[in-house]
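One structure is given below, encoded as structure tokens.
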Amino acid sequence: MCVTAVESRPAGVLGESKSSIHRPFGARVKAFVALTKPRIIELLLITTVPVMFLAQQGVPDLKLVLLTCLGGYLSAGGANALNMYIDRDIDALMDRTSQRPLVTGMVSPRECLAFGITLAVVSTLLFGLTVNWLSAWLSLGALLFYVVVYTMILKRRTSQNIVWGGIAGCLPVLIGWSSVTNSMSWAPVVLFLVMFFWTPPHYWPLSMKVREDYARVGVPMLPVVASNKVVAKQIVIYSWVMVAVSLLLTPLGYTGWFYTAVALLAGGFWLWEAHGLQNRAKAEVTGAKLKEMRLFHWSITYVSILFLAVAVDPFLR
């Protein structure tokens, strides 16, 4: 995500050492949990577990589900911690990240780095020894892609950062399938592509809302370098492709009428919201009236509904 000069402001105390008096144990525990970004991981698990039901064509082994979820949490948590370690300089200058543990000094950079690497190693071994090594390598690949390709290479260099960087967030779909089958198939590939085309129109509305934050630190998110009209047009294009791809599971024979109906209804509402945002952008509406966060919030609901349908559909066929 080109970096420009940024103005300094008191958004935190990055790197400041704190005594144990100022860093009580309970607050420290919460800080380390915060490093893993639990709310983001919830979304990753929402896309992982339903695919396990699809792969099993029924209820998968519950122990396997728990181990996959634990491994996925540790892996994604390690990636998120390493992301915060690398981005600690710009996190201190952005309003939405000014209370992160490294910025406030609740966790030191060295502690964060060690924590992230430890989670990466533990999660890979957990997957390999208790699930299978295909899932382990996919999990490690997702972590490395997020940390190296997205955070270190793309994020500060290109407005297409979230497009390609989002691949890391698509891999849990493959992990869910491989944990059950120890193989790959077209079904997880289709759902991988759904998540790939979902990620930009999911994140760009949020970027539109906080574009000043990204502009301040020189991170070229698309809404920073392009007008609302251009961003909204891109959102509509990606949305149409996403909905079209989501409908491929049924003709390929993996899902039936229930999933198809849900995909059509949920996708139709998504397209309604996307075109609504585009119309407001064309009319040069700005501020709160642009209502860009409506699509952001719906995007999370959409994924939850769609993947719930993925899990339920095998029982209705």
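If you look at W240 and F197, their ring centroids are not closer than 6.0 Å. Side-chain rings of F196 and W164 approach one another, their centers coming within less than 6.0 Å.
Atom OH of Y146 is separated from atom CD1 of I86 by 9.5 Å, given to the nearest 0.5 angstrom. Rounding to the nearest 0.5 angstrom, the gap separating the CH2 atom in W137 from the CG atom in L134 is 11.0 Å. Between atom OG1 of residue T286 and atom CG of residue N228 there is a gap of 8.0 Å, rounded to the nearest 0.5 Å. Going from atom CE of M221 over to atom OH of Y214 covers 4.0 Å, rounded to the nearest 0.5 Å. Summarising the geometry, atom NE2 belonging to H297 is positioned 8.5 Å from atom CG belonging to L206; distances are rounded to the nearest 0.5 Å. In this structure, CG on D91 lies 8.0 Å from CG on L102, to the nearest 0.5 angstrom.
W198 is connected to F269 through a chain of hydrophobic side-chain contacts under 4.5 Å among Ile, Leu, Val, Met, Phe, Trp and Tyr, so both are in one cluster. No continuous path of ILVMFWY side-chain contacts below 4.5 Å connects V147 to I40, so the two sit in separate hydrophobic clusters. In terms of hydrophobic clustering, with Ile, Leu, Val, Met, Phe, Trp and Tyr side chains grouped at heavy-atom distances under 4.5 Å, L44 and L66 are assigned to different clusters. Residues L271 and L265 do not share a hydrophobic cluster, defined by chaining ILVMFWY side chains whose heavy atoms lie under 4.5 Å apart. When the side chains of ILVMFWY residues are joined at heavy-atom separations under 4.5 Å, either directly or via intervening members, F258 and L247 end up in two distinct hydrophobic clusters.
Ring geometry for F296 versus H202: interplanar angle under 30°, hence parallel rather than tilted (30 to 60°).
Scanning all heavy atoms of the two residues, the minimum distance from S98 to T104 falls at O-CG2, 4.1 Å. Y254 and S185 get closest at one heavy-atom pair: OH-OG, 2.7 Å. Across all their heavy atoms, V107 and A31 have their closest contact at CG2-CB, 3.7 Å. Considering all non-hydrogen atoms of both residues, G166 and T199 come closest at CA-CG2, 4.0 Å. Residue A120 comes nearest to L143 through the heavy atom pair CB-CD1, 3.5 Å, listed as atom of the first residue, atom of the second, then distance. Scanning all heavy atoms of the two residues, the minimum distance from S178 to L138 falls at OG-CD1, 3.6 Å.
Proximity of D87 to I90: side-chain heavy atoms (C-beta onward) are separated by under 4.5 Å at one or more points. In this structure, the side chains of L54 and W177 come closer than 4.5 Å at one or more pairs of heavy atoms. Counting heavy atoms from C-beta on, the side chains of I117 and L113 come closer than 4.5 Å. Using a 4.5 Å cut-off on side-chain heavy atoms (C-beta onward), V303 and M195 make contact. Counting heavy atoms from C-beta on, the side chains of R280 and K289 never come closer than 4.5 Å. Using a 4.5 Å heavy-atom threshold, the side chains of T68 and F127 count as touching. At least one side-chain heavy atom of P109 sits less than 4.5 Å from a side-chain heavy atom of R88. Under the 4.5 Å side-chain criterion, counting only non-hydrogen atoms from C-beta, V103 is not in contact with T97.
Using a 3.5 Å distance cut-off with no hydrogens or angles, the side chains of S135 and N132 do pair a donor with an acceptor. Between the side chains of T255 and D313, no donor N or O sits under 3.5 Å from an acceptor N or O. With 3.5 Å as the limit, one finds a donor-acceptor pair spanning the side chains of Y73 and T36. With 3.5 Å as the limit, one finds a donor-acceptor pair spanning the side chains of T260 and T250. Using modelled atom types, one finds no donor on one side chain facing an acceptor on the other under 3.5 Å when comparing W270 with H275. The closest side-chain donor-acceptor pair between N83 and K37 falls under 3.5 angstrom.
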As a quick check of understanding, evaluate salt bridge (charged side-chain N to carboxylate O under 4.0 Å, His left out) for E111 and R28, giving each step before the final call. CA-CA 11 Å; E111 290 172 331; R28 291 264 287 161; 2.9 Å; yes
Run the side chain to side chain contact (heavy atoms under 4.5 Å, CB included) check on M208 and Y203 step by step: do they pass? CA-CA 9 Å; M208 294 168 77; Y203 200 80; over 6 Å; no
Apply the test side chain to side chain contact (heavy atoms under 4.5 Å, CB included) to residues S179 and M52: give CA-CA distance (whole Å), side-chain angles for both, the deciding distance (0.1 Å), then the verdict. CA-CA 7 Å; S179 67; M52 298 179 72; 3.4 Å; yes
Check against side chain to side chain contact (heavy atoms under 4.5 Å, CB included), F307 and V51: CA-CA 8 Å; F307 278 83; V51 177; 3.9 Å; yes
Dump the intermediate steps for side chain to side chain contact (heavy atoms under 4.5 Å, CB included) on L119 and F115, then the final yes or no. CA-CA 6 Å; L119 291 186; F115 182 64; 3.6 Å; yes
Evaluate the side-chain hydrogen bond (donor to acceptor under 3.5 Å, both in side chains) criterion for residues Y259 and R317: first the C-alpha distance (whole Å), next the side-chain angles of each, then the deciding distance (0.1 Å), finally the verdict. CA-CA 10 Å; Y259 170 83; R317 300 182 67 190; over 6 Å; no
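Around atom CH2 of W272, no more than 12 heavy atoms belonging to other residues, nucleotides or ligands sit under 6.0 Å away.
Residue L248 is tested with V190, V194, V189, L191 for a side-chain contact (heavy atoms from CB on, under 4.5 Å); the sole match is V190.
Judged purely by atom type and a 3.5 angstrom limit, R157 uses its side chain to pair as donor or acceptor with the backbone of I153. Proximity of a side-chain donor or acceptor of D213 to a complementary backbone N or O of D95 within less than 3.5 Å is detected.
Ionic pairing of K291 and E273 is not present here: no N-O contact between side-chain nitrogen and carboxylate oxygen is shorter than 4.0 angstrom.
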